[in-house]
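Everything numeric in this text was worked out from a predicted model, so none of it was measured. Note that ligands are numbered from 1 as they come in the structure, with each ligand's atoms numbered from 1 the same way.
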Amino acid sequence: MKITVLGSGGWGTALALLLLENGHTVTLWSYKEEESAALREKGENPVLPGVAIPKELTLTSDIACVKDSGLLVLAPPSFAVRSTAAQVKSYLAPSAVIVSVSKGVEKDTSLTLTEVIAQEVGEDHPIVALSGPSHAEEVGRGVPTVVVSASKDEKSAKLVQDVFMSRRFRVYTTDDVVGVELGAALKNVIALCAGISDGLGYGDNTKAALMTRGLTEMARLGEAMGGRKETFAGLAGLGDLIVTCTSMHSRNRRCGIAIGKGTPPEQAVKEMGMVVEGYYAAANAKALADKVGVEMPITQAACRVLYGGSSPREAMLELMTRERKQESEESWV
Ligand SMILES: NC(=O)c1ccc[n+]([C@@H]2O[C@H](COP(=O)([O-])OP(=O)(O)OC[C@H]3O[C@@H](n4cnc5c(N)ncnc54)[C@H](O)[C@@H]3O)[C@@H](O)[C@H]2O)c1
């Protein structure tokens with residue numbers, strides 16, 4: 001199959017190499033010609049050191065490359081999903097299927113990324129979200145990885161499963177697109193908090209608590225938005241939460257560690273030099289939670305620290321001293 005991957009960051013590159021290995025004809029599009037030229041010249045992506053880019057992978061910055069592709073993989077940072085989708089629109093083959101692999105919620109509109117893509121390219125093209133615990137660095141070096149392909153259109157979810165699946169990359173399918181996309185976006189906020197906790201020198205107890213209660217509030221928002229609770233216990237929820245909160249590959253966690261150690265949040269984000277999706281997702285999650293009227297105390301505390309000047313220690317104390325609660329709203333009903 002002819003496939004174009006749009007976005008040559010770590011994730012776009014790792015997926016383009018996987019698809020090439022699976023026998024497809026793959027083009028990797030870069031936002032800037034300099035980026036494409038550097039990949040061509042160095043034969044590797046600086047964020048995936050030691051992972052060779054074979055000459056069979058076509059590298060370009062010409063957007064017309066999407067013309068005859070049956071499948072488009074959109075892998076830019078979330079803030080650039082709308083502009084990238086808008087650029088491809090006039091070149092799209094009528095039957096092309098679009099796969100969104102970015103993680104986030106759009107700033108200002110709080111739309112999920114497949115909703116953003118649908119607004120730009122129209123409702124005729126099937127759209128699939130592919131997500132799960134998957135660091136580019138590890139997919140790049142071929143370690144076994146398992147993800148989920150989500151679409152309202154069963155045929156397209158299964159097509160994406162077929163195209164990406166290999167002995168080292170297993171793909172499940174689901175129709176819960178909202179659950180999968182919110183899981184992907186919201187776990188980055190909790191990963192920032194887990195990093196902050198590590199940076200403060202708190203222990204495993206604190207991090208496990210943030211992850212567990214974080215997952216509860218992620219699922220609460222997800223359900224209110226039409227997703228299923230069980231999706232949050234799956235690969236795109238719990239799976240991605242574990243990988244992001246515990247690994248040093250996670251830039252959200254590393255950024256949180258810097259904040260916990262005293263770097264002002266805005267500076268910590270700048271110093272990462274890569275997109276820190278959780279920093280933006282926190283505000284969007286809070287906006288969504290306020291809109292649908294659900295409680296997200298950890299996300300709200302994250303917002304106070306990230307944008308409101310609260311100290312992380314104060315925010316933690318506020319979380320610890322909230323009014324007494326039952327663990328599950330379903331107890332003693
Ligand atoms: N890295 C991972 O392990 C991983 C895994 C799963 C999902 N993701 C998601 O994939 C997305 C991309 O992440 P990444 O790690 O590849 O990012 P990255 O930081 O490695 O690279 C970002 C890429 O975006 C490009 N870019 C910058 N501005 C742009 C614009 N205005 N329009 C189009 N492209 C632009 C840059 O040129 C660069 O190639 C994010 O949403 C991320 O959450 C990443």
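- With respect to the salt-bridge test (charged N to carboxylate O, under 4.0 angstrom), the residues E295 and K325 qualify.
- In this structure, atom 11 (C) of ligand 1 lies nearest to the protein heavy atom P76 O, 3.5 Å.
- Looking at G7 next to ligand 1, no N or O pair under 3.5 Å apart turns up.
- Residue-level proximity to ligand 1 for R251 is carried by the side chain, the only part with a heavy atom below 4.0 angstrom.
- Under the 3.5 Å distance criterion, with hydrogens and angles disregarded, no donor-acceptor pair is assigned to the side chains of E115 and Q119.
- Protein heavy atom in closest approach to atom 22 (C) of ligand 1: P77 CG, 4.0 Å.
- Scanning the protein heavy atoms around atom 16 (O) of ligand 1, the nearest turns out to be W11 N, 2.9 Å.
- Using cut-offs of 30° and 60° for the angle between ring planes, the Y307 and Y279 rings count as perpendicular.
- Contacts between K103 and ligand 1, counted as non-hydrogen atom pairs separated by less than 4.0 Å, involve both the backbone and the side chain.
- Panel note: side chain R141, backbone V51; no donor-acceptor pair is recorded below 3.5 Å.
- By heavy-atom distance, the residue among S100, A75, G140 lying nearest atom 12 (C) of ligand 1 is A75.
- Ranking the protein heavy atoms by distance from atom 3 (O) of ligand 1 puts A136 N, 2.7 Å first.
- For the pair E318 and R304, the salt-bridge criterion is met [side-chain N within less than 4.0 Å of a carboxylate O].
- One finds a salt bridge joining E106 and R82 here, because a Lys/Arg side-chain nitrogen approaches an Asp/Glu carboxylate oxygen to under 4.0 Å.
- Of all atoms in ligand 1, numbered sequentially from 1 with element shown, those under 4.0 Å from a heavy atom of T84 are 33 (C).
- No salt bridge links K187 with E277; every basic N to acidic carboxylate O contact stays at or beyond 4.0 Å.
- Set against the non-hydrogen atoms of H135, the atoms of ligand 1 under 4.0 Å away are 3 (O).
- In terms of polar-atom proximity, N188 is not counted as a contact of ligand 1, lacking any N or O under 3.5 Å from an N or O of the ligand.
- Residues D175 and R228 are paired through a salt bridge, judged by an N-O separation under 4.0 Å between the basic side chain and the carboxylate.
- Ion pairing of R213 with E217 is absent here, as no side-chain N (NZ or NE/NH1/NH2) approaches a carboxylate O to less than 4.0 Å.
- Contact check on K158 versus D162 returns no salt bridge, with no Lys/Arg side-chain nitrogen under 4.0 Å from an Asp/Glu carboxylate oxygen.
- Residue A14 does not touch ligand 1, judged by heavy-atom distances below 4.0 Å.
- At the shortest separation from atom 27 (C) of ligand 1 among protein heavy atoms lies Y31 CD2, 3.9 Å.
- The atoms of ligand 1 that sit less than 4.0 Å from any heavy atom of A80 are 29 (C), 30 (C), 31 (N), 32 (N), 33 (C).
- Applying the 4.0 Å criterion to heavy atoms of V101 picks out, from ligand 1, the atoms 7 (C), 9 (C), 10 (O).
- Scanning the protein for heavy atoms near atom 20 (O) of ligand 1, the closest one is G10 N, 3.0 Å.
- With hydrogens left out, the protein atom closest to atom 38 (C) of ligand 1 is E35 OE2, 3.5 Å, a heavy atom.
- Ligand 1 has no atom lying under 4.0 Å from any heavy atom of G104.
- Residues V171 and S149 share a closest heavy-atom pair of CG1-CB, 3.7 Å.
- In terms of N/O distances under 3.5 Å, ligand 1 is not approached by M274.
- Using modelled atom types, one finds a donor on one side chain and an acceptor on the other under 3.5 Å when comparing E35 with S8.
- When hydrogens are left out, the protein atom nearest atom 40 (C) of ligand 1 is E277 OE2, 3.3 Å; that is the closest non-hydrogen contact.
- Taking every non-hydrogen atom of S134 and a distance limit under 4.0 Å, the qualifying atoms of ligand 1 come out as 3 (O), 5 (C), 6 (C).
- Within the model, atoms CD of E120 and CG of L92 stand 11.5 Å from one another, a figure rounded to the nearest 0.5 Å.
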